Protein chains: 2
Amino acid sequence: MGTVYLAIGIHNHQPVGNFDFVFEDAYQRAYLPFLEALERHPGIRVAQHYTGILLDWIEKHHPDFLERLAALVKRGQVEMMTGGFYEPILPIIPDRDKLGQIRKLTDYIRDHFGVSPRGLWLAERVWEPHLPRPLREAGVEYVVIDDSHLKYSGLREEDLSGYFLTEEAGYPVNIFPIAERLRYTIPFRPVEETLDFLGALAERGGSPLAVFADDGEKFGVWPGTFKHCYSDGWIERFFRALEENSSWIKLVHFSEALDTLKPAGRVYLPTASYREMMEWALPAKAIHEYEDFEARLKESGLFDRYKPSTTSSFWRNFLAKYEESNHLHKKMLYVSRKVKDAAARYGDVEAVLKARDHLWAGQCNCPYWHGVFGGLYLTNLRYAVYHELILAEEKEIEALERRGETSWVRKEELDFDGDGHRELIVETPVLNLVFSPQHGGSLVELDYKPTAINLLDTMTRREEGYHRKLLQLAEQKKSGGGDGVASIHDLLAVKEQGLEKKLVYDWYRRVALIDHFLNPDTTLKAFSRSQYGEDGDFVLEPYTFETKEEGGLVTVELRRKGTVWAGGAAHPVELQKAVTVRPDSQELDVRIRIKNDGQDSAKLWYGSEWNFALLAGNAPDRYFEIPGRSLRQRHLASTGAEPDVEEIDLVDEWQKLKIRMRLSPQAEVWRFPVESVSMSEAGFERVYQSSVVLPLFRLDLEPGQVSEIRIRLIFESLG
Amino acid sequence: MGTVYLAIGIHNHQPVGNFDFVFEDAYQRAYLPFLEALERHPGIRVAQHYTGILLDWIEKHHPDFLERLAALVKRGQVEMMTGGFYEPILPIIPDRDKLGQIRKLTDYIRDHFGVSPRGLWLAERVWEPHLPRPLREAGVEYVVIDDSHLKYSGLREEDLSGYFLTEEAGYPVNIFPIAERLRYTIPFRPVEETLDFLGALAERGGSPLAVFADDGEKFGVWPGTFKHCYSDGWIERFFRALEENSSWIKLVHFSEALDTLKPAGRVYLPTASYREMMEWALPAKAIHEYEDFEARLKESGLFDRYKPSTTSSFWRNFLAKYEESNHLHKKMLYVSRKVKDAAARYGDVEAVLKARDHLWAGQCNCPYWHGVFGGLYLTNLRYAVYHELILAEEKEIEALERRGETSWVRKEELDFDGDGHRELIVETPVLNLVFSPQHGGSLVELDYKPTAINLLDTMTRREEGYHRKLLQLAEQKKSGGGDGVASIHDLLAVKEQGLEKKLVYDWYRRVALIDHFLNPDTTLKAFSRSQYGEDGDFVLEPYTFETKEEGGLVTVELRRKGTVWAGGAAHPVELQKAVTVRPDSQELDVRIRIKNDGQDSAKLWYGSEWNFALLAGNAPDRYFEIPGRSLRQRHLASTGAEPDVEEIDLVDEWQKLKIRMRLSPQAEVWRFPVESVSMSEAGFERVYQSSVVLPLFRLDLEPGQVSEIRIRLIFESLG
């Protein structure tokens with residue numbers, strides 16, 4: 001019998017902003033038992049990658065773990081791999097940050113384990129051909145990625161039992177292709193199947209190399225896997241089998257393979273990730289199309305043979321697919337430029353180093369995309385990343401640039417979000433405002449700096465590829481059939497009755513300072529479901545803008561001459577929004593002037609929409625309050641209409657923040673939550689994204705008449 | 001009826017090294033008549049891209065053309081587009097060269113036409129996501145590429161009537177997607193079909209933008225198109241139709257569209273090119289697989305619907321597919337580093353500027369890849385690019401670094417070709433040698449500097465995807481059937497009877513200093529067809545190496561202990577090759593020691609293979625010569641065996657170069673041409689690549705006995 005080399009890599013990661021109990025659970029159920037298994041089996045040699053986020057947490061909560069791990073490293077059992085410290089999608093962050101993040105983790109590994117890592121774990125295996133240069137500059141010699149990447153280049157299963165070389169502009173990097181088959185057998189199939197796979201490889205001769213590398217959470221955290229791996233002994237059986245067959249299965253570290261085995265060839269890889277990721281990045285309707293295509297191919301028995309010739313999308317498409325992912329990404333690039341500029345001006349002083357570290361933490365990939373579980377839809381992950389970016393920007397860079405100043409304003413016009421139009425940024429010691437004149441003159445970012453939170457960090461409700469399945473499930477249930485024959489993959493749990501009714505989609509981005517003109521028969525329910533008639537053309541269309549500075553106050557004036565359809569006629573209406581910030585105050589002052597520009601009198605029903613994203617909806621410490629009045633249902637996910645409101649508060653005791661909205665004249669206020677329907681490991685679920693506050697004003701305007709409305713937001717830190 | 005915007009772009013290009021008559025023909029049949037048509041129709045507004053290579057040629061041969069073109073630019077009829085001056089595949093050259101090449105063409109356009117181009121023609125539309133940064137840094141605002149690129153991101157036909165924005169690290173670039181349909185209707189279908197397409201778009205409303213952009217050679221150079229476009233008046237009809245329908249078809253320049261139309265959205269594009277290119281880049285067997293897949297999809301009626309969900313490869317894969325393309329690419333990177341280093345040391349002095357320009361000319365894409373026509377298989381294109389690179393390296397940089405020195409040697413060990421092993425480079429005033437110890441201790445590059453030619457610039461014969469068709473054609477012909485029903489696409493001409501018999505494939509790379517041990521019954525014919533038994537293991541396996549310097553001479557010693565199967569037994573054999581160069585001479589001195597390391601006597605038949613690539617095979621001014629002896633058939637593509645040769649010359653009067661090979665002891669010499677079977681516009685054809693010279697030595701070695709062979713190459717410039 002021939003021999004086969006086997007290289008094993010394990011990637012352990014928790015996102016920035018994940019809950020402490022989630023870290024602890026993963027530690028107890030996956031990271032620790034795996035380490036213990038390695039300690040019991042000194043012959044089992046593996047490479048391990050821990051993200052910096054996880055290492056920081058472990059160092060703080062279980063420092064002994066690091067010592068035990070270091071002992072395994074020292075005895076040559078564990079090879080440590082590097083990566084971006086905060087696990088960014090490497091291709092989408094600037095090269096200087098790629099280098100910095102990798103060097104930070106490499107340094108950590110050197111300091112704590114006394115070794116220099118030679119290989120890199122590529123977050124989500126998102127590859128682009130320009131990577132070899134920055135990787136090599138950061139000292140990386142090899143990367144472990146999926147064999148699908150190589151298949152997209154035309155290589156086939158039989159070509160893949162070895163490692164490959166690639167380069168960019170002459171900078172070489174070695175590529176270890178992960179055998180897809182092993183990602184399915186380990187740990188989900190009986191150990192024998194893995195041995196059979198390796199045995200077949202060994203038979204072929206020529207010292208083939210097989211690579212298994214995958215998430216460490218598959219060993220204990222994924223549903224059912226703790227029992228399977230540990231209580232039922234899969235890991236023990238696997239390790240023992242490897243030891244017993246060590247005569248022909250040679251465990252090697254990746255770096256050993258580099259030093260002792262010849263490369264299998266040269267390869268160039270297109271933009272790719274693992275197959276599922278490339279499907280998720282498609283627009284929803286294209287996902288349906290791709291799914292239909294795959295189904296048709298499977299029907300005709302063509303899929304297995306021609307799988308490598310089918311494709312879907314690529315990672316960066318998430319930025320085109322989700323306005324919110326794009327905003328996060330462009331905010332990150334904006335902050336990265338600020339940090340770079342500060343470094344150029346002041347050198348690597350402490351404030352710059354701190355800012356850079358917050359920036360890097362704000363590059364953690366998890367909330368930048370969404371496959372089927374969590375990601376972008378999870379408010380705590382988005383919050384954490386915005387929080388880090390705002391800290392980088394404000395706490396540190398400002399500390400440097402504005403030493404001692406307490407009253408200043410910065411204005412900038414630029415195409416912040418890469419849509420070809422200029423946005424307007426206004427920054428004070430208390431607030432960051434990003435206006436989008438092009439898109440309804442709306443406010444698309446509102447950072448409250450004392451708590452470093454983006455109050456507009458919500459999600460627009462949009463169709464997802466998997467919503468089709470939820471509707472099918474509901475349909476099946478109604479007709480009472482189908483359950484018996486559903487395959488395990490289709491057995492999706494629905495965590496709530498009637499969830500399919502929550503599938504409503506917005507036609508505009510849910511941000512703030514959005515100008516609505518409603519039809520008189522519009523109901524709160526219809527409005528909250530985005531199923532009503534908008535009578536104006538102010539939500540999506542462009543506003544002109546100018547900024548004024550007077551007496552230390554900065555005012556942004558947004559103006560649009562549009563049309564409102566009311567009473568069976570089209571009325572020319574001019575709308576002007578003047579947003580004033582006082583550099584030294586906690587207030588945002590909005591004066592809205594609505595002018596009937598036509599020849600006829602007009603009855604208008606105007607509303608100014610504000611989305612406030614305060615992390616939790618139905619929680620006792622987050623609620624609405626109207627001074628002197630009791631709200632029936634006052635939590636932040638509540639729905640209701642209140643008449644004659646002069647003042648309404650949103651209180652978040654957990655974040656120690658109060659937002660008071662003062663209205664003049666007093667107005668009816670509608671409130672309702674924006675809730676997305678997304679998937680988690682446990683099934684379809686509803687996720688609270690933000691609370692809409694919509695003050696509504698009934699205006700009766702003669703020709704030429706102007707109505708003035710004032711909305712003041714007063715922020716208060718309860719800390 | 002609604003209106004539709006139409007932007008037209010025309011790309012005109014001829015490769016570095018193309019024959020003068022080809023330039024002139026294209027000028028007379030395409031570039032000039034198109035210009036004249038524009039002059040007659042001032043209402044027809046188009047963007048035009050001329051590569052720098054073509055502009056240089058036109059300026060020299062038809063300077064009046066440039067004046068006439070400038071007049072059209074001045075009256076706003078023609079928008080000039082920039083690009084890499086020498087039309088490189090942009091993603092595969094270093095960023096500094098990207099910038100330099102674009103700026104050179106931009107400067108040329110400014111100087112000659114008085115305008116600053118805002119858009120770039122992307123050579124072969126080879127896109128990688130890292131491009132926006134260098135493009136923007138070079139002042140490029142937009143790029144015109146195929147709609148297939150956007151479809152790979154999940155966009156569909158109906159989304160594509162406009163332009164898009166993309167970015168990398170915050171550097172934005174606008175993307176105009178070329179409508180694939182228009183590439184088929186213009187100029188190949190009746191004008192009405194184009195109008196119908198535009199009419200259908202206009203009906204949809206919303207000011208859609210349609211883009212047509214394609215090669216200018218489609219209008220006159222491609223077979224049959226001169227008659228179609230000009231004699232039969234297609235262009236005239238097309239232009240007149242556009243003028244007559246100008247009430248609803250609005251011709252716009254790309255730059256106008258940027259200034260006046262809103263972008264259609266944000267988009268991120270994966271590595272892509274036009275569909276055919278992505279298939280060509282696949283390994284041959286994967287091309288078959290992909291073709292089969294496409295055929296199956298067409299059979300089942302799935303192809304049209306799911307085309308965007310099928311994929312093939314990506315451009316850089318050519319570098320993995322063709323050793324020769326890779327060598328050219330790595331040579332280019334190597335020279336680019338030399339130029340960069342020289343610039344860092346000496347600044348942009350004249351020699352550096354000249355070297356840089358030769359380097360850029362050596363980046364012209366045409367011989368770096370191969371689809372179905374020409375490209376990499378055309379010796380004149382490969383020659384031209386090596387020529388430029390050697391000029392950059394040697395003539396210019398040496399002039400700077402070695403002022404006045406006539407005798408020097410430079411040695412360097414590095415992984416030149418990115419295969420994970422170190423190659424050895426030796427350079428003198430006369431020669432550049434690149435040894436590959438890992439691959440049979442062979443010589444993979446041999447530049448003769450006085451004429452700036454790489455004498456080993458040949459092609460290994462390998463399977464191409466389209467060879468299958470040649471075999472099918474031969475099969476059909478033999479069975480006498482099929483001709484009547486062959487579709488136009490399958491009607492491939494075969495320029496030579498029995499060409500399918502020339503389909504032989506090499507199992508090793510055709511270079512020099514290759515050590516063969518032949519079986520006693522091997523014939524010249526069998527050897528020349530790579531269909532013989534190799535009895536040694538010296539061709540593909542590694543050699544150790546060291547270099548020695550003594551008395552001004554440099555010697556490279558390559559050594560391998562291998563095995564030769566002879567007389568029914570395996571004999572351990574040690575082979576040592578000492579290659580000596582004298583820095584001040586025109587000689588290459590090779591001493592080969594073959595030692596019987598075994599216990600038995602061994603009869604060995606040893607041959608040292610040399611491929612000389614001298615551009616033309618069957619030409620009266622390129623021939624073999626054996627002093628004092630007449631060769632029956634003496635041209636460089638001739639086949640024959642000559643006994644007892646002491647000296648054999650290869651003479652190339654056209655290049656003014658003689659290569660004399662002196663043998664000691666005298667030996668039988670086999671010679672035969674390496675000829676590839678590739679496709680041209682005119683059909684399948686045979687292309688002379690190089691002349692193999694194989695001196696053969698019969699050795700009868702007792703145990704421990706050593707045989708010594710000496711091969712001297714003496715180069716002589718006949719100029």
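Side chains included, hydrogens not; waters and symmetry mates left out as well; all remaining heavy atoms used. What you see is a predicted model; the values in this text were computed from it and never measured. Convention: sequence-line order gives letters A, B, ...; per-chain numbering from 1.
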Item to check | Pair B:Asp419 + A:Lys262: basic N to acidic O under 4.0 Å | outcome: no

Item to check | Residue selection (most heavy-atom pairs with chain B, distance under 4.5 Å) from A:Ala169, A:Ala320, A:Pro172, A:Pro270 | outcome: A:Pro270

Checklist entry - Tell me, side chain or backbone of B:Leu302 under 4.5 Å from chain A's heavy atoms, or both, or neither? => result side chain

Checklist entry - Quick one: of A:Pro283, A:Ala286, A:Ser300, who has the most non-hydrogen atom pairs under 4.5 Å with chain B? => result A:Pro283

Checklist outcome for this item: If one checks every heavy atom of A:Leu165 against chain B at 4.5 Å, the contacting part turns out to be side chain

Checklist outcome for this item: So CH2 of A:Trp315 and OH of B:Tyr268: to nearest 0.5 Å the spacing works out to 9.5 Å

Item to check | Full working for side chain to side chain contact (heavy atoms under 4.5 Å, CB included) between B:Thr271 and A:Glu128 | outcome: CA-CA 8 Å; B:Thr271 45; A:Glu128 291 192 8; over 6 Å; no

Checklist entry - Do A:Arg156 and B:Glu289 sit within salt-bridge range, that is, some charged N less than 4.0 Å from a carboxylate O? => result yes

Item to check | Max heavy-atom pair count under 4.5 Å with chain B, selected residue of A:Ser153, A:Gly418, A:Pro91, A:Ala281 | outcome: A:Ser153

Item to check | Criterion side chain to side chain contact (heavy atoms under 4.5 Å, CB included) on A:Lys321 and B:Arg266, from CA distance to verdict | outcome: CA-CA 9 Å; A:Lys321 182 176 179 178; B:Arg266 202 165 36 238; over 6 Å; no

Checklist entry - Highest number of heavy-atom pairs under 4.5 Å with chain A: which of B:Asn317, B:Asp97, B:Thr166, B:Leu282? => result B:Asn317

Item to check | Donor-acceptor contact below 3.5 Å, side chain A:Thr310 vs main chain B:Thr310 | outcome: no

Checklist entry - Looking at A:Asp292, A:Val267, A:Leu258, which has the largest count of heavy-atom pairs under 4.5 Å with chain B? => result A:Asp292

Item to check | Aromatic ring pairing A:Phe293/B:Phe293, orientation class (parallel under 30°, perpendicular over 60°, tilted between) | outcome: tilted

Item to check | Best-contacting candidate, B:Asp95, B:Asp417, B:Asn326, against chain A by heavy atom pairs under 4.5 angstrom | outcome: B:Asn326

Next on the checklist: Under a 4.5 Å cutoff for heavy-atom pairs, which residue among B:Ser309, B:Ser313, B:Gly265 has the most contacts with chain A?
Outcome noted: B:Ser309

Next on the checklist: Assess the residue pair B:His329 and A:Glu167 against the criterion (side chain to side chain contact (heavy atoms under 4.5 Å, CB included)); give the C-alpha distance rounded to whole Å, side-chain angles, the decisive distance to 0.1 Å, and a yes or no.
Outcome noted: CA-CA 11 Å; B:His329 180 246; A:Glu167 59 79 35; 3.4 Å; yes

Item to check | Audit row: B:Leu297, A:Leu297, side chain to side chain contact (heavy atoms under 4.5 Å, CB included) steps and yes/no | outcome: CA-CA 9 Å; B:Leu297 289 177; A:Leu297 290 176; 3.7 Å; yes

Item to check | SB check B:Glu168 A:Arg316 (cutoff 4.0 Å) | outcome: yes

Checklist entry - Taking B:Lys285, B:Arg337, B:Glu294 one by one, which has the highest count of heavy-atom pairs under 4.5 Å against chain A? => result B:Lys285

Checklist entry - For B:Arg305, is it the side chain, the backbone, both or neither that has a heavy atom under 4.5 Å from a heavy atom of chain A? => result both

Checklist entry - If you tally heavy-atom pairs under 4.5 Å against chain A, which of B:Glu323, B:Met278, B:Met332 wins? => result B:Glu323

